[in-house]
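I have placed the structure first, in the form of structure tokens, so that the comments after it can refer back to it.
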Amino acid sequence: MTKNEIAEILDEIGMLLELQGENPFKVRAYVAGARAVEAMEGADLARLVEAGELKSVKGIGDALALKIAELHTTGRLGFYEKLKASIAPGLLELREIPGVGPKKVRALHTQLGVNSIADLIAACNDGRVAELAGFGAKTQEKILAGIRNREAYGRRHLWWDAAEVAEPIVAGLRALPQVRRAEAAGSLRRGLETVGDLDFIVAASDVGPVMDWFTGLAGVKEITGRGETKASVRFESGLQADLRIVPEEQFAFALHHFTGSKDHNVQMRQRALARGLSLSEWGLVPAEGEGTVKAKVEAGDALRKKVAGVKTEAELFAALGLAFIPPELREGMGEIEAAERGELPRLVEAGDLRGAFHNHTTASDGRNTLIEMVAAAEALGWEYLGIADHSKSSFQANGLSEERLLMQVAEIRKLNESGRFKAQAFSGVECDILPDGRLDFDDATLAQLDYVVASVHNVFSQSEAVMTARILKAIEHPRTTMLGHLTGRLLLRREGYQVDAAKVIDAAIAHGVVIELNASPWRLELDWRLWKKAAERGLLCAINPDAHETAGLEHVRAGVLAARKGWLQREQILNTRPRADVAAYFAARRGR
DNA sequence: GCCGTTTTCGGCCCGACTGTTTTCAGTCG
């Protein structure tokens, strides 16, 4: 059984135990164990199981080590099967209803015999739910509304779409006279590929007018909450947004708190506690004695001086002995340890890019001409733009025949020689990897090009073994310069095809093939979670917008964020190199 | 269930908001 399958089962055990009313710390131990397993390399997991050393991993103790080993070697776990059989399968999905947690599920199940969403709807309609202790008419109504809207409300949103909503809101907040500082936080600020909801953190002198402005935003369908420091709204699109207003002294703490992933924040608080400090969105204070952080901060005693000294996130990290951790790294995946050792990477920035290689024109399925695309690249300050239109087998995308491709090569050469643009165009192709792993053009044709992006565009249904072999064959082809979108996934719309990413990465490193980080907001793969280790082992990245129109070039912004989440530095990305170096790189590849 | 240069037992991150209450439990992030 693979590590991700094992992690999923541990997560599910956590949920099932929670529904049983188990000790919440035991529940957390299973969930933490799932994260620990996910963080391993598949090969490491096998080695640790074999050597009986699973316990050496933080978060895995005697009980989990036994269970993980059983899952890994037999693919089954008696404990899990018994647990699962003891709980009605419909109960887990009740947890998806907003406002319904494990305790409410338990009450509904034991007192009303609710075993499914259908049962729950019936119980609400009868008014039985409102009569339960701890429930009421409003709760019953909210449950029904939550069930009705669960699809729209539960949906995540592409980072790109969320950013388009969030950016004008941040600008609007900053323009208010009461507002001193305003930032978007949450998964948006961390650059996660999809975003569940928006978080805005504001330092303001007066709360009321800011909340009024926020809840009165165009497109707000519903105000779902409004307290002293927080307001929540839901937009027509289903996207929810939270606004939190704090005194300016607490802004850095609130921004950090609402930016970090849960894991990052837990680790930061544990680190604070180990130093006798208590950290929250309100501040950083000595942990001893009575009272909450908030109370201590408000008491304004000597402790407050410590808080007052922290005005920025950088100072907050410094107070805990850490270098500044960029938001994109705050996932609880080793960034705190690296910051402690002073080993955080200097992450790539959008300004480091000097061009990109995977772009389309009207010659295939793009919406702008070669000249328009190159002009747009130059306007971005780029030195070069690689043109990689589709190959003939992608007839759905108006793929180029040999003849049309060679015409384009001539056209590009002529454009470069004309001196019309300072930016230079490179001749490439996005060449289909055929179902048997051959490329869509013969060697003589491919030899006319500066470079080749090889991608899979059809027969997605192949088994993992067949698909992996297909892609490996393309990587081994001497004309292949880089591999396009690895799994063909479309975020929130379509799973990628099955492929053994580890084998593909190994082969790409061995053959000196670049793997692209496709920056299209719908793709964003090779996934950032795989980049850190792959790049450490020598895999070279290209951040490619896969632009089908001039505006699509801007998508590299999303690609840079994903690269930063993958700990990538400038040196690990081909399109940060100057034009002459890239030309030399292509020439060397062609000369193999 | 995990973990320990204060601990092998007794802790385990912290606070806002809602709806139910009359001081708080549950949920969420």
Side-chain angles (χ1 to χ4, degrees), chain A residues 10 13-14 17-18 21-36 54-68 79 94-108 129-143 146 153 185-187 190 195-199 201 223-232 240-246 250 253-254 256-285 287-288 291-298 332:
Chain A
L10 295 179
I13 290 173
L17 291 175
E18 196 174 36
E22 253 296 357
N23 174 0
F25 298 107
K26 185 191 274 196
V27 172
R28 187 190 297 172
Y30 277 93
V31 175
R35 299 290 82 74
L54 272 173
K55 271 188 67 181
S56 66
V57 178
K58 194 169 152 60
I60 297 177
D62 291 315
L64 277 172
L66 281 174
K67 294 187 171 81
I68 292 166
F79 169 79
L94 297 184
R95 289 291 317 274
E96 293 166 17
I97 303 165
V100 177
K103 301 272 172 57
K104 285 206 164 76
V105 171
R106 223 169 125 66
L108 290 164
V129 170
E131 289 165 11
L132 285 182
F135 291 64
K138 277 197 164 177
T139 304
Q140 181 168 280
E141 248 173 68
K142 279 190 108 167
I143 288 175
Y153 289 3
S187 46
R190 296 204 307 282
V195 171
D197 57 17
L198 303 179
D199 295 286
I201 312 300
I223 299 170
T224 55
R226 181 164 173 163
E228 279 177 45
T229 64
K230 175 184 167 183
S232 299
Q240 174 158 324
D242 295 341
L243 171 72
R244 295 162 205 277
I245 303 178
V246 298
Q250 266 108 46
F253 296 103
H256 172 264
H257 175 85
F258 289 106
T259 296
S261 73
K262 197 178 171 74
D263 287 344
H264 172 88
N265 286 350
V266 167
Q267 288 175 32
M268 285 289 285
R269 287 189 176 134
Q270 285 169 343
R271 184 176 178 87
L273 277 180
R275 285 164 174 66
L277 298 166
S278 178
L279 174 67
S280 82
E281 65 261 48
W282 286 97
L284 182 66
V285 298
E288 314 86 58
T292 62
V293 176
K294 187 187 176 193
K296 288 179 187 177
V297 170
E298 285 175 346

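Computation of the quantities below employed the complete heavy-atom set of this structure, encompassing side-chain atoms and omitting hydrogens, waters and symmetry-equivalent molecules. Convention: sequence-line order gives letters A, B, ...; per-chain numbering from 1.
Residue contacts shown for A:K262 include a base, since a base heavy atom lies under 4.0 Å away. Within the 4.0 angstrom heavy-atom criterion, only backbone atoms of the sugar-phosphate kind lie near A:R226; the bases stay farther away. Backbone-only contact: A:Y30 has heavy atoms under 4.0 Å from sugar-phosphate atoms and none from a base. Here A:V27 lies out of heavy-atom contact (under 4.0 Å) with every strand. Residue-level contact check: A:A231 touches neither bases nor backbone, having no heavy atom under 4.0 Å from any strand. Using a 4.0 Å heavy-atom criterion, one finds that A:Q270 contacts the sugar-phosphate atoms exclusively. Within 4.0 Å of A:P102, counting heavy atoms only, lie sugar-phosphate atoms of the nucleic acid but no base atom.
Here CZ of A:R275 is found 12.0 Å from CD of A:Q270. Values are rounded to the nearest 0.5 Å.
The nearest whole Å value for the distance from the CG atom in A:N265 to the P atom in B:dC14 is 12 Å. Put simply, NZ on A:K230 is 11 Å from P on B:dA16, counting in whole angstrom units. Counting to the nearest Å, the P atom of B:dC3 and the CZ atom of A:R271 are 18 Å from each other. Atom NZ of A:K26 is separated from atom P of B:dC2 by 10 Å (rounded to the nearest Å). Between the P atom of B:dG26 and the NZ atom of A:K142 lies a distance of 17 Å, rounded to the nearest Å. The CZ atom of A:F25 sits 11 Å away from the C1' atom of B:dG1 (whole-angstrom rounding).
Glycosidic conformation at B:dT20 (O4'-C1'-N9-C4 for purines, O4'-C1'-N1-C2 for pyrimidines): anti, more than 90° from 0.
Nucleotides B:dT27 and B:dT20, compared at atom C1', are 13 Å apart to the nearest Å.
With A:R244 contributing its side chain and A:T229 its backbone, the two residues share no donor-acceptor pair below 3.5 Å.
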